[in-house]
Number of protein chains: 2
Amino acid sequence: MKTTRPAAAPAKAAYHHGDLRRSLLDAALGLVASHGVQGFTLREAARAANVSHNAPYRHFPSRTHLLVELATEGQGHLLNALEAAVARTADHRDRIVRMGIAYMEFAISHAAHFRVMFSSDVARNRTADLTAAQNATFQFFESELLASEQAGLIRKGAVQQHALVGWSALHGAALLVLDGVLDNTAIAARRKPREIASLVLESLLKGILNPGGNA
Amino acid sequence: MKTTRPAAAPAKAAYHHGDLRRSLLDAALGLVASHGVQGFTLREAARAANVSHNAPYRHFPSRTHLLVELATEGQGHLLNALEAAVARTADHRDRIVRMGIAYMEFAISHAAHFRVMFSSDVARNRTADLTAAQNATFQFFESELLASEQAGLIRKGAVQQHALVGWSALHGAALLVLDGVLDNTAIAARRKPREIASLVLESLLKGILNPGGNA
DNA sequence: TTCAGGAGTTGACACTGTCAACATTGTTCC
DNA sequence: GGAACAATGTTGACAGTGTCAACTCCTGAA
């Protein structure tokens, strides 16, 4: 983890931590995963990093700011995941489907990040960086659909609307799955998250594909 | 509010509150509205109800349980709103559109309830009652679509899937709007919530309407 | 070598959720 | 009526939290 400093001292040793900021973010992520956003505590993160309860304040002005930072970071990871998913094929329909599935799978397999990214108290303390990261995600959706439109896969003229509806549906499905709200529905109870995403995408595509499409 | 007891005493007077449970839920809702779910405090709710900091424990076993109760109540109100919206017309397409718009409008105009209903720490402490209330909402979506299917408005054979996708899209859109995530998108920035809901519904309907539909 | 400032520490404060023990009230049965 | 009893509220305490202020330690530049 370190770069230059004296390797790995056995005890907690050094006065300067080396990369406290990173350690705190990692610890926070773990705590959110096990105790929820609400249950995350600055002092416990400090403890996990072997540091006094006030050390975090040298890196983050408040508990909320740390969470916002985590959210911004997560949003970047999400965008990376979407880009990676899409990169594996050139077929426009496939790309859309993979992108959607990647969204759902990110929400599930990086649940802690995802929860922080869309927790309400982070939303009300959003920074310009976080806003920019969220906009980038939406624009990625849009650009992908724009390419499909130009290739003639989907109907002309409502790319922004399609992006809005697509993102909403995937986002909503991800949250409903994450919260277990769908666990008692016949349609979703026995399906894996990626299958649920497929169902959502299938329906969405029916609404936007060109009549002559290859559906 | 009271029924039999001595009207409204000017001072806080009476040892027994009368309806503390209700007062606490109302106070909690107000606090969530102004300070967020995270910022809601049992002690402040108690203060708002003119009662000692421990009185709430005679009605709720914990802070979280109070929130779960609030969520269950909100889910009931949501279902009522959906039913009321649908009742105003017999046209199946209209009913679906009104139902969707009502969902979005509930999320916006009852934001505090909605936030509690889908806050993650409520989700992880869900009671049977809350689960039942959520299932009822999904079933209402389903039943509405089933009626449309039988009337020939929408394609045969995938009502559950349509309900899943529809709920997901509306839910996702509501949360994205509520969190302000869409504020910087060209498509949603200058639109009212109900217009955004209309856009979502328009797209969804294109995907499920019968070819011979009146779209 | 000095020294300014970044990084971490200790100590304090008001506040929180929750537990235990106690006080007051309304109800129910003789 | 009054006596037991359960509900409902209260007071007091405790550990834990976020944050502020003042301090110490360490590193890199002048």
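Residue numbers start from 1 in every chain, and the chains themselves are labelled A, B, ... in the order their sequence lines are given, proteins ahead of strands.
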Please report, to 0.1 Å, the donor-acceptor pairs under 3.5 Å made by any side chain of residues 180-190 of chain A, with sequence neighbours excluded.
unit_1, atom_1, unit_2, atom_2, d
T185(A), OG1, L182(A), O, 2.8
T185(A), OG1, A188(A), N, 3.4

Fill in: For DNA chain C, the residues among residues 57-66 of chain A that have a non-hydrogen atom under 4.0 Å from it
R58(A), H59(A)

Worksheet item: Taking DNA chain C as the partner, which of residues 33-42 of chain A come within under 4.0 angstrom of it by heavy atom?
Response: none

Side-chain donor-acceptor distances from residues 101-109 of chain A under 3.5 Å, at least two apart:
unit_1, atom_1, unit_2, atom_2, d
Y103(A), OH, W167(A), NE1, 2.9
Y103(A), OH, H171(A), ND1, 2.9
E105(A), OE2, R194(A), NH1, 3.4
S109(A), OG, E105(A), O, 2.8

Expressed in angstrom and rounded to an integer, what is the separation of [X] atom [atom1] from [N] atom [atom2]?
X	N	atom1	atom2	answer
H53(B)	dC14(D)	NE2	P	13 Å
R43(A)	dA14(C)	CZ	C1'	12 Å
D121(B)	dG17(C)	CG	P	12 Å
L31(B)	dC15(C)	CG	P	15 Å
N54(B)	dA13(D)	CG	P	13 Å
R47(B)	dG9(D)	CZ	P	18 Å

Discussion item. Applying ring pair (Phe, Tyr, Trp, His ring centres under 6.0 Å) to H113(A) and H77(A), what does each step give before you reach the verdict?
Written reply: CA-CA 9 Å; H113(A) 254 138; H77(A) 291 170; 5.3 Å; yes

Discussion item. So if I take every side-chain heavy atom of V51(B) and compare against dT16(C), dG9(D), dT9(C), which nucleotide ends up nearest?
Written reply: dG9(D)

Worksheet item: Hey, does R21(A) reach any base, or is it just sugar-phosphate, or nothing, if we go heavy atoms under 4.0 Å?
Response: nothing

Discussion item. Within the 4.5 Å heavy-atom criterion, are L82(B) and T137(B) side-chain neighbours or not?
Written reply: yes

Discussion item. Any heavy-atom pair between the side chains of E44(B) and R47(B) that's under 4.5 Å?
Written reply: yes

Item to complete: Please determine which of T72(B), L25(B), V116(B) meets the side-chain contact (heavy atoms from CB on, under 4.5 Å) test together with L67(B).
Response: V116(B)

Discussion item. Show, in sequence, the C-alpha distance, side-chain angles and deciding distance for R22(B) and E73(B), and conclude whether the salt bridge (Lys or Arg N to Asp or Glu O under 4.0 Å) test is met.
Written reply: CA-CA 11 Å; R22(B) 183 69 260 152; E73(B) 178 181 283; 2.9 Å; yes

Side-chain donor/acceptor pairs under 3.5 Å, residues 56-63 of chain A, sequence neighbours excluded:
unit_1, atom_1, unit_2, atom_2, d
S62(A), OG, T64(A), N, 3.3
S62(A), OG, H65(A), N, 3.2
S62(A), OG, H65(A), ND1, 2.8
R63(A), NH1, F40(A), O, 2.4
R63(A), NH2, Q38(B), OE1, 3.2

Discussion item. My understanding is that only residues two or more places apart in sequence, or in another chain, count here; which of them pass ring pair (Phe, Tyr, Trp, His ring centres under 6.0 Å) with H92(B)?
Written reply: none

